[in-house]
Amino acid sequence: MEDTIFTKYIDSPLGELEISATEDYLTSILFVDAQKKPSPRKVETDYVPKVITDYIQQITEYFEGNRKDFDLKIQHKGTDFQKTVWAALENIPFGKTISYLELSRRIGNEKAIRAVGTTNGNNKFNIIVPCHRVIGANGSLVGYGGDLWRKKWLLEHEAKFSGNYQTSLF
């Protein structure tokens, strides 16, 4: 039997977030207005599993500049290749960026740069699996499913709280 999925919506500095989870792990965290396919709003219940309340606490701390790493149970659904890319994303330190080429190198397949980019775009865990930390080889902001203005905001936010802050990164 499939686990029951619980959904909670919260406001954030980047707009409304949809948090979905089973009793034990997060299944997705998405910006509501940036989802690629319009979908009916999921039903929100009064009951909220602990994994969602933990996420809300940790994302609040992140936005306040008091958290750089997340300690949450998540479940990626995808191929082994996709899971490898998403795991590599989680190893990019707070306040740092790498290129898509570097990400391809880190998973041991430099020629998979396009597949890495596509997989990065299919990340279902906005912010906590930091696909926003991957930029173009020339340092440009490219490819973010949550819209480039959010990517810019996230990178500047992290730079500010990591000690790498400049007036404007981009």
Side-chain angles (χ1 to χ4, degrees), residues 1-79 82-83 85-97 103 116-135 141-162 165 169-170:
M1 184 172 111
E2 189 87 13
D3 288 329
T4 300
I5 303 291
F6 301 92
T7 302
K8 175 81 177 159
Y9 294 87
I10 63 168
D11 290 325
S12 81
L14 297 171
E16 190 176 29
L17 289 168
E18 177 188 273
I19 307 121
S20 296
T22 66
E23 189 68 46
D24 300 315
Y25 52 84
L26 295 165
T27 58
S28 67
I29 301 163
L30 301 168
F31 296 113
V32 172
D33 67 348
Q35 294 184 39
K36 293 177 182 165
K37 296 178 189 171
S39 61
R41 188 173 175 98
K42 294 179 183 173
V43 176
E44 187 174 6
T45 62
D46 291 334
Y47 173 75
V48 178
K50 184 177 183 319
V51 69
I52 291 180
T53 58
D54 289 349
Y55 167 76
I56 293 170
Q57 176 186 343
Q58 290 185 32
I59 198 67
T60 300
E61 292 167 356
Y62 170 86
F63 285 130
E64 292 171 344
N66 298 321
R67 175 172 289 276
K68 297 179 180 177
D69 297 303
F70 295 93
D71 181 23
L72 298 161
K73 292 181 182 179
I74 63 175
Q75 183 182 54
H76 288 290
K77 288 190 177 185
T79 66
Q82 290 171 321
K83 290 175 183 178
V85 172
W86 294 324
L89 290 172
E90 292 181 57
N91 290 320
I92 304 170
F94 179 92
K96 302 290 184 189
T97 59
L103 184 57
V116 163
T118 299
T119 298
N120 202 38
N122 289 326
N123 173 26
K124 300 287 187 224
F125 296 95
N126 289 326
I127 306 170
I128 66 170
V129 176
C131 56
H132 60 276
R133 295 179 188 155
V134 183
I135 60 175
L141 290 181
V142 293
Y144 188 62
D147 294 325
L148 288 180
W149 71 269
R150 285 189 179 103
K151 184 172 190 164
K152 181 177 188 274
W153 190 98
L154 288 164
L155 293 174
E156 288 180 346
H157 171 76
E158 291 185 5
K160 179 179 176 182
F161 290 102
S162 68
Y165 192 68
L169 291 173
F170 306 97

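These numbers were taken from a predicted model, which means no experiment stands behind them.
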Heavy-atom pair of closest approach, residues [X] and [Y]:
X	Y	answer
H157	F63	CE1-O, 3.2 Å
P130	I92	CG-O, 4.3 Å
L148	V142	CD2-C, 3.9 Å
G95	S162	CA-OG, 3.8 Å
V51	L72	O-CD2, 4.3 Å
Y9	E16	CB-OE2, 3.4 Å

Mind checking the [atom1]-[atom2] spacing from [X] to [Y]? Nearest 0.5 Å is all I need.
X	Y	atom1	atom2	result
L89	N120	CG	CG	5.0 Å
N66	F161	CG	CZ	7.5 Å
T53	I19	OG1	CD1	10.5 Å
R133	N91	CZ	CG	10.5 Å
N126	L17	CG	CG	7.5 Å
Y47	I52	OH	CD1	9.0 Å

Find out whether [X] and [Y] are in side-chain contact, i.e. whether some heavy atom of one side chain is under 4.5 Å from a heavy atom of the other.
X	Y	result
T60	I10	no
D24	D3	no
K160	E156	no
W86	T119	yes
I59	I29	no
I5	T22	yes

With a 3.5 Å distance limit and no angle check, can you tell me whether [X] reaches the backbone of [Y] through a side-chain donor-acceptor pair?
X	Y	answer
N123	V129	yes
K68	P93	no
W149	L14	no

Fill in: Partner of T79 under side-chain contact (heavy atoms from CB on, under 4.5 Å), chosen from Q82, K77, H76
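Among the candidates, only Q82 passes.
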Worksheet item: Does D71 CG have over 12 foreign heavy atoms under 6.0 Å away?
Response: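 Open.
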Practice prompt. Could you tell me how the ring of Y62 sits relative to the ring of F70: parallel (under 30°), tilted (30 to 60°) or perpendicular (over 60°)?
Written response: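 Geometry flag for F70 against Y62: tilted rings.
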Practice prompt. List the steps and the verdict of side-chain contact (heavy atoms from CB on, under 4.5 Å) for I128 and L26.
Written response: CA-CA 11 Å; I128 66 170; L26 295 165; 4.1 Å; yes
Item to complete: Could you walk me through whether E23 and T4 pass side-chain contact (heavy atoms from CB on, under 4.5 Å), step by step?
Response: CA-CA 7 Å; E23 189 68 46; T4 300; over 6 Å; no
Practice prompt. Could you walk me through whether E90 and I74 pass the side-chain contact (heavy atoms from CB on, under 4.5 Å) test, one step at a time?
Written response: CA-CA 12 Å; E90 292 181 57; I74 63 175; 4.1 Å; yes
Fill in: E18/T7 under side-chain contact (heavy atoms from CB on, under 4.5 Å): CA gap, chis, key distance, verdict
CA-CA 7 Å; E18 177 188 273; T7 302; 3.7 Å; yes
